K.L.:
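There's a structure below that I have some questions on.
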Amino acid sequence: MNRRHFIKNTALGTLTAAVGTEIVFGKMIPNGYSLLALQDPDPFTLFRKDREMVILNDKPWNIEAKAHLLDDKITPNKFMFIRNNGLIPEEVDVASWTLTIDGEAVRKPKIYTLSELKSKFKTYTYQLTLECGGNGRSEFDPPAKGNQWTVGAVSCAEWTGVRLRDVLEDAGFTEKAVYIGYHAADVHLSRDPKKETISRGAPMAKALQDETLLAFKMNGEDIPLAHGYPLRLVAGGWPASVSGKWIQRISIRDRVHDGSKMTGDSYRMPCNPVAPGEKVKDEDMCIIESMPVKSLITYPQSGAMIKEGRKLNIRGHAWAGELEVSKMEYSIDFGSTWQNCSLQKPVNRLAWQHFSADISFPKKGYYEVWGRATDSNGKSQPMLLPGWNPKGYLNNACHRIAIKVT
Ligand SMILES: Nc1nc2c(c(=O)[nH]1)N[C@H]1C(S)=C(S)[C@@H](COP(=O)(O)O)O[C@H]1N2
Ligand SMILES: [Mo]
């Protein structure tokens, strides 16, 4: 056999260094072969995700759920989507982790250790809905660049932490305070330490809400690394990009925060509707704040079959950004007529609400069940698609499942 098919000594040296011990039959490694020890571990094991979760991207990691996986009232880690813009911090040292409060409008910059945060301030627990602004992007035409989320970039976990308000008030801020901006420990894809992956924020009014947390627990345990361990912002009801993970610093700004992904097309929508594909001027783009009303049928799974004469019990969740969902309906005739579902109140503000209904079908055949939520201002989900926008944000179209009555 031609020896060029085997790896060269220099390459073997590099591999040995990477593995950290002698590769005993290293000379026999076929050229181009990648050693198992140097491959990324499988993401389902690495992040403790269910194997039905869908990997949209591995650099950076972006993983979404399917509708039927989101059936739990409180989303467990294994079904929680991951949305990363950069690389997960590699070494998190909890003992030396600090949170700095600074910015133009802080009275006096202050640094807290994690244990100070936990002991100095009262702890609160809320269920909070986090939906990526790009959830549903895959349906827009012309298509928008970015992760092609279908319906699964939403979660409602139980978050425990201290109120951001209590920390900001402890540091103190002046009347100049307009906005907060976060700074996090994740690494830019280029690995350039001068580049910030994402640094977003929210107006003071949102930062000071009771439910805006600096969280250190998710569902009663340490936050999983991929979801922001050891400290993350959780601002329910707003695009989840406001909920910074791996938080190290929060700046109290005297202007609208201008960090990475606050400007241009990022998390911004045309202030007024535009035609599909139209170019939108920078000054005509507005920052996304409260997310629009939306719902998801989480049971049964699309494609389910039911015997003629039996009732189908459907269930799912509905949410409406800062608002409450006041009505949940379903249709089995492509939106011609609508019937009410029963709808629960949220356990706390900004938590999703659970709905259910028992559906009768008139005869054998193919049906679609469409779900439509209406918020407390009377706004309903659009049946098909909402307005096109350059980055494919805020697709809150009715969720639909296929049913066969046999
Ligand atoms: N530091 C940091 N925080 C971040 C992000 C990120 O890439 N880095 N992504 C944001 C976006 S766009 C979303 S949708 C949510 C996703 O949160 P999750 O991965 O815990 O579901 O985190 C937000 N916080
Ligand atoms: Mo996002």
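Counting convention: from 1, in listed order, for ligands and their atoms alike. Keep in mind that what you see is a predicted model, and the values were worked out from it rather than measured.
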K.L.:
Below 4.0 angstrom, N of the basic side chain to O of the carboxylate: do K217 and E158 qualify?
P.N.:
no

K.L.:
Taking the side chain as everything from C-beta on, heavy atoms only, tell me whether T100 gets closer than 4.5 Å to K110.
P.N.:
no

K.L.:
Cation over ring, K120 on Y112, under 6.0 Å and within 45°?
P.N.:
no

K.L.:
Quick one: is the NZ or CZ of R315 closer than 6.0 Å to the six-membered ring centre of Y299, and within 45° of its axis?
P.N.:
yes

K.L.:
Is the NZ or CZ atom of R349 positioned over Y126's six-membered ring, under 6.0 angstrom from the centre and within 45° of the axis?
P.N.:
no

K.L.:
Identify all N/O pairs between ligand 1 and the protein with a separation under 3.5 Å and present them as a table of atom names and distances.
P.N.:
residue  : atom   : partner : partner atom : Å
ligand 1 : 1 (N)  : D186    : OD1          : 3.2
ligand 1 : 1 (N)  : D186    : OD2          : 3.3
ligand 1 : 1 (N)  : K245    : O            : 3.0
ligand 1 : 3 (N)  : K245    : N            : 2.9
ligand 1 : 7 (O)  : N85     : N            : 2.7
ligand 1 : 7 (O)  : N85     : ND2          : 2.9
ligand 1 : 8 (N)  : D186    : OD2          : 2.6
ligand 1 : 9 (N)  : R83     : O            : 3.3
ligand 1 : 9 (N)  : N85     : ND2          : 3.2
ligand 1 : 17 (O) : R232    : NH2          : 3.3
ligand 1 : 19 (O) : R83     : N            : 2.9
ligand 1 : 19 (O) : K245    : NZ           : 2.5
ligand 1 : 20 (O) : H227    : ND1          : 2.7
ligand 1 : 20 (O) : R232    : NH1          : 2.7
ligand 1 : 21 (O) : F81     : O            : 2.7
ligand 1 : 22 (O) : R232    : NH2          : 3.4
ligand 1 : 24 (N) : S243    : O            : 3.1

K.L.:
Less than 3.5 Å apart, any donor N or O on the side chain of S380 or R372 sitting next to an acceptor on the other?
P.N.:
no

